[in-house]
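Beneath this line is the structure, given in structure tokens, with notes to follow.
Side chains included, hydrogens not; waters and symmetry mates left out as well; all remaining heavy atoms used.
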Amino acid sequence: MSIKIRKATSGDATFLAQMMLQSSRAGKKDGIFDLIFQTNDNKTIIKALKSLTQTSVKSHCNFNNFLVAELDGKLIGSLCSYEPRISNAESFIQALKEIGCKNDVSEAIEVMSCCDFDLNNRTLMFDFMEELEGFIDVGILKTLMSKSLLTARLKGYRIGQTLVEIGSLETILFYKKLGFKQVQEKECDLYKEKFGRAGQVLLELEF
């Protein structure tokens, strides 16, 4: 079984949208995109996320930030890496406006920022590390991360970080197996009210 890792293209938009939605919910009924688009309808959210991957504004959801994993021509995994100095809350709001989202997203942004950490702009952030059901433990995510770290080193990065919800023990354990260490934890009442999770954990990897 040979896993191929490549940069995502605009043609991968549907798959990326599915992975982003899956990642944001992480076993919860609602994720941040349910809150932003004010619906739990998968088709509606995926349609919006497809558009969000292709905006001229380079938010963290832009397809250019993604690597994808393929097996026998089938997309099976994703990993996003982005620079927080470029892909931040402001660029995300601009991207939402670009796709015609007229919803009041202030509440969603408040929820996202209530667990804010003091991130170094020269740190590379990782997000949306996901794989299709049925492919767990075949090395997809480890292969995606290895490729992403190699690219990050060539760009001069030496520190990678990711945010994981408190209580997501399997995800935290997986990142720790990849060499990440927990550096900070923040609890937030608003986050718990909306998502039923206490807050977020900041994990960091020096490479």
Side-chain angles (χ1 to χ4, degrees), residues 2-103 105 108-109 111-112 124-136 138 140-152 155 160 162-164 171:
S2 178
I3 300 168
K4 177 185 176 183
I5 306 297
R6 63 169 174 81
K7 283 186 65 66
T9 69
S10 59
D12 302 319
T14 299
F15 178 76
L16 297 179
Q18 291 169 343
M19 293 296 96
M20 285 192 286
L21 182 56
Q22 178 176 305
S23 176
S24 69
R25 287 179 177 163
K28 308 185 299 294
K29 177 180 177 290
D30 295 319
I32 191 63
F33 296 121
D34 299 272
L35 194 59
I36 288 170
F37 299 116
Q38 299 176 12
T39 180
N40 291 110
D41 182 68
N42 288 357
K43 287 185 178 180
T44 301
I45 298 174
I46 286 173
K47 182 180 178 181
L49 289 176
K50 281 177 62 178
S51 298
L52 203 58
T53 67
Q54 301 177 72
T55 56
S56 59
V57 178
K58 197 173 182 183
S59 77
H60 67 296
C61 298
N62 192 281
F63 76 86
N64 285 293
N65 293 327
F66 281 83
L67 291 177
V68 291
E70 284 183 327
L71 181 63
D72 298 328
K74 178 183 174 67
L75 290 168
I76 55 173
S78 69
L79 176 61
C80 169
S81 61
Y82 64 91
E83 300 172 88
R85 66 187 177 88
I86 297 173
S87 302
N88 48 36
E90 290 75 22
S91 64
F92 184 58
I93 292 171
Q94 289 173 12
L96 288 171
K97 288 179 179 178
E98 186 176 326
I99 67 171
C101 179
K102 294 182 171 59
N103 297 338
V105 297
I109 297 299
V111 175
M112 290 171 69
L124 195 66
M125 294 298 297
F126 294 102
D127 203 349
F128 306 129
M129 184 166 70
E130 290 293 320
E131 58 192 347
L132 288 182
E133 290 185 16
F135 288 94
I136 297 171
V138 298
I140 298 165
L141 301 183
K142 185 176 181 180
T143 306
L144 278 164
M145 182 60 74
S146 296
K147 178 67 173 178
S148 188
L149 290 175
L150 178 61
T151 304
K155 291 182 178 179
T162 191
L163 298 174
V164 179
T171 304

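- One distance of note links OG1 of T9 with CZ of F15; it measures 12.0 Å at 0.5 Å rounding.
- Not a single donor-acceptor pair under 3.5 Å links the side chain of T55 to the backbone N or O of I99.
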Step-by-step side-chain contact (heavy atoms from CB on, under 4.5 Å) determination, L71 to K4: CA-CA 6 Å; L71 181 63; K4 177 185 176 183; over 6 Å; no

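- When side chains are defined from C-beta on, K50 counts as touching T14, because their heavy atoms get closer than 4.5 Å.
- Of the possible donor and acceptor atoms, none in the side chain of T53 sits under 3.5 Å from a partner among the backbone N and O of F63.
- With a 4.5 Å cut-off on side-chain heavy atoms, M145 and T162 do not count as touching.
- Remark: side-chain polar atoms of N103 are paired, donor with acceptor, to backbone N or O of I36 under 3.5 angstrom.
- Considering all non-hydrogen atoms of both residues, K7 and N64 come closest at NZ-O, 3.3 Å.
- Rounding to the nearest 0.5 Å gives a distance of 9.0 Å between CG of N65 and NE2 of H60.
- For the pair F128 and M19, the minimum side-chain heavy-atom distance is 4.5 Å or more.
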CA sep, side-chain torsions, deciding dist, call: K74, L132, side-chain contact (heavy atoms from CB on, under 4.5 Å): CA-CA 10 Å; K74 178 183 174 67; L132 288 182; 3.7 Å; yes

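- When all heavy atoms are compared, the tightest approach of E70 to L75 is CG-CD2, 3.6 Å.
- A pairwise comparison of heavy atoms in G77 and L144 identifies C-CD1, 3.8 Å as the closest pair.
- Rounded to the nearest 0.5 Å, atoms CE (M129) and SG (C80) are 12.0 Å apart.
- When side chains are defined from C-beta on, K29 counts as touching N40, because their heavy atoms get closer than 4.5 Å.
- The number of heavy atoms from other shown groups lying within 6.0 Å of CG (D72) does not exceed 12.
- Here the OG1 atom belonging to T143 is positioned 11.0 Å from the CG atom belonging to L79, to the nearest 0.5 angstrom.
- Of the possible polar contacts, none joining the E130 side chain to the Q22 backbone as a donor-acceptor pair under 3.5 Å is found.
- Between the side chain of S146 and the backbone N or O of K142, at least one donor-acceptor pair lies under 3.5 Å.
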Audit row: L49, L16, side-chain contact (heavy atoms from CB on, under 4.5 Å) steps and yes/no: CA-CA 8 Å; L49 289 176; L16 297 179; over 6 Å; no

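- A69 and I5 get closest at one heavy-atom pair: CB-CD1, 3.6 Å.
- At least one donor-acceptor pair closer than 3.5 Å links the side chain of T151 to the backbone N or O of K147.
- Inter-residue side-chain proximity for Y82 and N62 is flagged as unmet; no heavy-atom pair is nearer than 4.5 Å.
- Residues R25 and N42 bring a donor and an acceptor atom of their side chains to less than 3.5 Å of each other.
- Smallest separation of non-hydrogen atoms from L124 and A152: CD2-CB, 3.6 Å.
- Between the side chain of D34 and the backbone N or O of I45, no donor-acceptor pair lies under 3.5 Å.
- A donor-acceptor contact shorter than 3.5 Å is absent between the side chain of K58 and the backbone of S87.
- Within the model, atoms OG of S81 and NZ of K155 stand 6.5 Å from one another, a figure rounded to the nearest 0.5 Å.
- Side-chain contact between C61 and F33 is present, with heavy atoms from C-beta onward closer than 4.5 Å.
- The structure places CE of M125 at 14.0 Å from CD1 of I86, a figure rounded to the nearest 0.5 Å.
- L21 has its side chain within reach of S24: a pair of non-hydrogen atoms, C-beta onward, lies under 4.5 Å apart.
- No side-chain heavy atom of F37 sits less than 4.5 Å from a side-chain heavy atom of K47.
- The shortest heavy-atom contact between S10 and Q54 is CB-OE1, 3.6 Å.
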Chi angles and distances behind the side-chain contact (heavy atoms from CB on, under 4.5 Å) call for L35, D30: CA-CA 7 Å; L35 194 59; D30 295 319; over 6 Å; no

